[in-house]
Peer 1: 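What follows is a single structure, and I will ask about it in a moment.
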Amino acid sequence: MNIETSNTHNLKNMVTMTHRNLLKTLHNPDNFGDVIMEPVIFTLLFGFLFGGAIAGSVQSYLPILVPGILLQSILNAASGSGQQLREDINNGVFDRFKTLPIAPIVPLAGQLIGDIFRLLLAGSMALVTAFLMGWRPVVGLPMVAAALGLALFIGWATSWIFALVGLVAKNAEMIGSLSMMIILVLTFLSNAFVPTKTLPRFIQTIVNLNPVSYTVTAIRSILQTGTWDLHATVALLCGLLIISIFMPLSLLAYQKQN
Amino acid sequence: MNNDDVIQVSNISKHFGKNAAVQDVSFSVEKGEIFGLLGPNGAGKTTLIRMMTTLLHPDTGQILINGFDTQTQGRNARQQFSVTGQTAAIDQDLTARENLMIFARLSGLGIPAARSRATELLKAFDLVASADQTLETFSGGMRRRLDLAVSLVGKPTILFLDEPTTGLDPRTRAQMWQVIQSLVATGSTVLLTTQYLEEAAQFADRIALIDHGQMKAIGTPDELTRRVGGKRLRLQVTAAQSLKAAQVILQKTEMNPVQVSERTLTVSLDEGEVGQTAALLQQFDEAGIALSQFAIEPPSLDDVFLQMTVGKN
C-alpha cells in the first residue's frame with residue numbers, strides 16, 4: 001500500500017470521525033449543556049452575583065472574571081472527553097470501529113480533534129456572553145485571540161488527562177461526576193474568580209501552586225496589558241508537560257483496550 | 001483445505017486467566033454459505049467471533065479471512081468482512097441516516113455515494129420514516145435493523161452476526177432472515193450464532209456445535225440429527241399423579257434413560273424398538289393410566305443439542 005494514499009485516507013477518516021463527534025455534541029443535551037449552556041450561565045451568574053461584592057460593580061468585576069470564566073468554561077468542556085470515550089467503548093461502537101479497515105488511532109483522534117472544536121465553542125460562548133454583559137477588551141483582537149489560544153491549549157492538554165481516565169476507568173457516569181468534581185476544585189481553588197489576598201494563608205499557598213492560577217494570571221495580563229509574561233510561558237510549559245505525559249499514556253491505554 | 005473456503009479457523013485456543021474459553025477449535029466456511037455457530041450460553045461462540053473479527057488475539061492457532069491472517073494482516077482481513085455484535089453498536093445520539101453516513105464514509109465512499117447508499121439501506125430496512133430521528137425513539141427491532149444496515153454499508157462479502165435475532169418479535173425475526181438470505185443469494189457468506197435451534201435447522205447450511213470452548217460436532221442440520229440417531233417416543237399423561245407410574249413402566253421396558261418434563265415423558269428408541277411400542281400402550285391401558293399424547297418422532301436439533309452439550313448448569 002502506498003504510504004501517501006494511506007495517510008490521506010487516515011486524514012479523511014479523522015475528519016469523518018471528528019464530524020461524528022461534533023454531531024454527538026450537538027444532538028446530546030448533556031454535551032450541549034456542557035459546551036454551550038454552562039459557559040453562558042456561569043458567566044451571567046458569577047458576573048451578576050459576585051460583581052458588586054468583589055469589585056463594587058458588575059462592570060468593574062468583568063475584567064477580573066473574564067480570564068477565569070474563559071478557562072473554567074474550556075476546562076469544563078474538556079472534562080467531558082473521558083466520559084464520551086467510555087460511553088463509546090461501553091456501548092460497542094468502538095468495537096465496530098476496530099473492525100473497520102481504518103487505522104486503529106482514528107477513533108481516538110476523532111474524539112480529541114472534536115475536543116478542540118468543543119473547547120473553542122465553550123470559550124467563545126463565555127467571551128460573547130461577557131461582551132453582551134458589557135465587557136470590552138482593552139487590547140486588540142490579536143491579543144484576545146492569543147488569550148483564547150492559550151486557554152484552548154491548556155484545556156486541550158487537560159482533555160488528554162480525562163481521555164486517559166475514560167480509557168482506564170469502566171463506569172461512564174462515575175467518570176462524568178469525578179471529572180466535574182476535579183474541575184470544580186481546580187478552578188475554585190485558584191485566582192480565577194476572587195482576589196487571593198483575603199484567603200487564609202495555607203489556601204493561598206495551594207492557590208498559588210495551582211496551574212490554573214498561573215494560566216489565569218497569564219490570560220489576565222494578556223487581556224489587560226497585552227503582554228505575554230513569564231506566567232504565560234510557565235502555563236505553556238505546563239500544558240506541554242501534560243501532553244507529553246498523557247498523550248503517550250492514553251495511546252497506550254487505547255491500544256491495550258482489548 | 002479448499003479454494004472456496006472464505007473463513008479458515010485452524011486450531012484456535014484462547015484462555016482468559018485460567019479459564020479456557022476456546023480449546024483447539026478448527027473449521028472452515030465455504031463461500032456463499034450460511035454457517036451457524038450453536039452452543040449453550042458461555043460456550044465460547046462470542047469469543048470465537050471476536051477472534052475471527054480481529055477484536056481478540058487467539059493464544060494459539062490461525063484464522064484466515066479470504067486468505068488474510070487476522071493477526072498479521074489485520075487491516076487486510078478487516079477489509080473482507082463486517083460484523084454485527086450482540087448489542088446494537090450504533091450511536092444513540094445520532095440519527096439513523098447519520099449513523100449510516102458515517103460508516104459509509106469510513107468504508108471509503110465519497111459524500112454523494114455515501115448519501116445514496118444510506119438512502120438505499122434506509123429503504124431496504126424500512127427505516128425511511130424515522131431516518132432523521134435520533135435513536136432514542138427507536139424500538140429494539142428498529143435498532144437491530146439499523147445495526148445490520150450499518151454492517152452492510154460497505155457491501156461486505158463476509159458477514160459475522162452474533163445472535164442477530166435474539167430478543168426480536170417473530171415478524172422482525174422473519175425480516176432479519178429475509179435480509180440474510182437475500183444477502184447470501186448475491187454471493188455473500190454469513191457466519192452467525194444463534195440460540196434458536198429451529199432457526200439454525202431451517203436456515204443454516206451447516207452448523208458447528210460448540211460446548212465449553214470445544215467443537216462437539218459439525219455438519220448439515222440433517223447430518224447432525226442423523227448422528228444422534230434413532231427415533232423418540234414422546235407421551236403425555238392426562239393426570240399428573242399417574243406420571244410416576246408411567247415412568248416406572250417406561251423405564252422397565254426401555255433401555256435408554258427417560259426424560260421427564262411436567263406431564264411429558266420422552267425416551268429415545270433403539271433400532272427395532274419401534275415395533276414394541278404397541279405392547280407399551282397395552283401396559284398403560286392395564287395400569288389405568290390415561291394418555292393425552294403418544295407419538296414417535298424423528299430426532300430434532302434440540303436432541304442433538306441436549307445430547308452433545310452440557311452447558312454451564
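For the numbers below, each heavy atom of this structure counts, side chains included, while hydrogens, waters and symmetry mates do not. All chains are named by letter (A, B, ...) in the order of the sequence lines, taking the proteins before the strands, and each is independently numbered beginning at 1.
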Peer 1: Within a reach of under 6.0 Å around CZ of Phe117(A), are more than 12 heavy atoms found that belong to other residues, nucleotides or ligands?
Peer 2: no

Peer 1: Which heavy atom of Gln79(B) sits nearest a heavy atom of Pro101(A), and at what distance?
Peer 2: CG-CB, 3.4 Å

Peer 1: Please round to the nearest 0.5 Å and tell me the distance separating atom CD1 of Ile49(B) and atom OG1 of Thr99(A).
Peer 2: 11.5 Å

Peer 1: Which residue is it: Leu55(B), Thr53(B), Thr54(B)? I am looking for the one with a side-chain contact (heavy atoms from CB on, under 4.5 Å) to Lys98(A).
Peer 2: Leu55(B)

Peer 1: For the pair Arg96(A) (side chain) and Ala89(B) (backbone), establish whether a donor and an acceptor sit closer than 3.5 Å, ignoring hydrogens and angles.
Peer 2: yes

Peer 1: Taking atom CG of Leu106(B) and atom CE of Met14(A), what is their separation to the nearest 0.5 Å?
Peer 2: 11.5 Å

Peer 1: Is the number of heavy atoms from other residues, nucleotides or ligands within 6.0 Å of CE (Met174(A)) greater than 12?
Peer 2: yes

Peer 1: Checking heavy atoms, do the side chain of Thr134(B), its backbone, both or neither come under 4.5 Å from chain A?
Peer 2: side chain

Peer 1: For the residue pair Asp93(B) and Leu23(A), establish whether any side-chain heavy-atom pair is separated by less than 4.5 Å.
Peer 2: no

Peer 1: Are Arg105(B) and Val15(A) side-chain neighbours, meaning at least one heavy-atom pair lies under 4.5 Å?
Peer 2: no

Peer 1: Measure Phe160(B) against the heavy atoms of chain A and call it side chain, backbone, both or neither at under 4.5 Å.
Peer 2: neither

Peer 1: Quick one: of Asp91(B), Val83(B), Ile90(B), who has the most non-hydrogen atom pairs under 4.5 Å with chain A?
Peer 2: Asp91(B)

Peer 1: For Glu98(B), which of Arg20(A), His27(A), His19(A), Lys24(A) qualifies under side-chain hydrogen bond (donor to acceptor under 3.5 Å, both in side chains)?
Peer 2: His27(A)

Peer 1: Measure from the side-chain N and O atoms of Arg78(B) to the backbone N and O of Leu100(A), and report whether any donor-acceptor pair falls under 3.5 Å.
Peer 2: yes

Peer 1: Atom CG in Asp95(A), atom CG in Leu56(B): separation rounded to 0.5 Å?
Peer 2: 10.0 Å

